[in-house]
Colleague: 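Input: one structure, supplied below.
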Amino acid sequence: MPEGHSVQRTANWFNKHLAGSKVRVDSPQGRFTDSAKLVSNRKLIRARAIGKQLFLDFDNKKTVRIHLGIYGKWRYFDSNKVEVVGQVRARFFNAAKLADLRGPTICEVIETELVDQHKKRLGPDPTNPDPKKLNQERFVKRVRASKSAIGLLLMNQSVISGVGNVYRAELLFRAKLSPYRLGSSLSQKQAVELWQDAVMLMKVGVAKGFMVTRQEQLSSRKIHDERNYVYKREGLACLRCRSNVALELMATRKLYYCPGCQK
DNA sequence: GTGCCATGTGAAA
DNA sequence: TTCACCTGGCACC
């Protein structure tokens with residue numbers, strides 16, 4: 001489930017289980033073989049998640065940069081003896097743990113010093129700490145200065161990083177904002193609340209390991225089948241106003257919203 | 001078995 | 001604006 005919350009979890013897994021040890025890196029599929037050699041058997045210093053990208057810093061000034069794209073997936077194991085099943089682009093393991101990466105849009109080795117350049121292109125990430133509200137301020141300014149639709153802005157990784165199609169739809173529903181409202185039409189308060197809701201929802205997502213946006217489920221331990229208000233609920237009754245949830249295309253991506261309560 | 005769909009991005013036209 | 005990338009899951013035959 002590659003929105004930002006799951007990348008945070010991946011970074012947490014790497015930091016917990018592989019960081020600090022020598023990590024072997026293979027490419028069973030073969031497409032990452034040459035690059036894997038550049039970092040294999042080096043010590044993993046740390047993993048960092050920024051937006052939807054994962055950076056694995058090794059002790060030889062090399063970093064593996066990974067973006068799952070729409071297909072990519074991780075699988076984790078409590079053993080380092082695991083049969084390869086299907087197309088495994090990259091396999092990371094030490095004596096105790098193993099992670100398999102399949103289908104990423106990006107998996108490459110870069111110089112660690114280049115990570116900052118990638119970082120610069122990304123907007124503030126709601127899953128990263130923001131004690132001085134600098135990230136919030138960046139987001140609010142950018143949105144309120146923009147003539148783009150808020151539905152597009154939330155998908156723009158230079159405006160806010162880590163939000164994808166599910167959180168986009170759900171954040172706007174929760175805010176009762178039409179996806180077509182221009183960023184410049186949002187009040188300061190609306191923009192601030194949108195950011196703060198993203199921070200809160202993605203925090204829940206990181207803790208739970210999946211996206212939940214229905215208010216009554218946020219603090220519930222129970223795992224429900226239906227966790228969202230509008231995402232993939234086209235044609236069904238809106239849970240708030242009973243209008244039919246709409247499905248339209250916005251810049252080629254599916255846009256779910258409730259025309260009844262998101263004016 | 002086949003075919004379609006997906007939580008994404010960036011290059012090409 | 002369109003297309004290519006690229007893998008797995010699932011509905012349907």
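Small disclaimer: the values here were computed from a predicted structure and weren't measured. Order of the sequence lines fixes the chain letters, A, B, ..., with proteins taken first and strands second; residue numbering starts at 1 for each chain.
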Colleague: Please determine whether a side-chain nitrogen of the Lys or Arg among A/Lys62 and A/Glu111 lies less than 4.0 Å from a carboxylate oxygen of the Asp or Glu.
Modeller: yes
Colleague: Linking I/L/V/M/F/W/Y whenever their side-chain heavy atoms sit closer than 4.5 Å, directly or via other members, would A/Val23 and A/Leu98 fall into one cluster?
Modeller: no
Colleague: Which parts of residues 145-156 of chain A get close to DNA chain C, meaning a heavy atom less than 4.0 angstrom away?
Modeller: none
Colleague: For each nucleotide in nucleotides 4-9 of chain C, reading 5' to 3', give B when a protein heavy atom comes within less than 4.0 Å of its base, S when such contact involves only the sugar-phosphate, and - otherwise.
Modeller: -BBBSS
Colleague: Considering only NZ, NE, NH1 and NH2 on the basic side and carboxylate oxygens on the acidic side, decide whether A/Arg42 and A/Asp59 come within less than 4.0 Å.
Modeller: yes
Colleague: Taking the P atom of each, how far is C/dC13 from B/dC5, in whole Å?
Modeller: 14 Å
Colleague: Could you tell me if the side chain of A/Ile160 sits less than 4.5 Å from the side chain of A/Trp195, heavy atoms only?
Modeller: yes
Colleague: When you compare C/dC5 with B/dA13, how far apart are their P atoms, in angstrom units rounded to a whole number?
Modeller: 13 Å
Colleague: On a whole-Å scale, what distance lies between the P atoms belonging to B/dC4 and C/dC3?
Modeller: 16 Å
Colleague: Would a hydrophobic clustering, with Ile, Leu, Val, Met, Phe, Trp and Tyr connected at side-chain separations under 4.5 Å, put A/Leu239 with A/Phe173?
Modeller: yes
Colleague: Can you find a heavy atom in the side chain of A/Leu101 that is under 4.5 Å from one in the side chain of A/Val88?
Modeller: no
Colleague: Under 4.5 Å between any side-chain heavy atoms of A/Asn228 and A/Arg214, yes or no?
Modeller: no
Colleague: Grab the CD-C1' distance between A/Gln157 and B/dT7 for me, whole Å please.
Modeller: 11 Å
Colleague: Given side chains that start at C-beta, do those of A/Leu18 and A/Lys97 come closer than 4.5 Å, heavy atoms only?
Modeller: yes
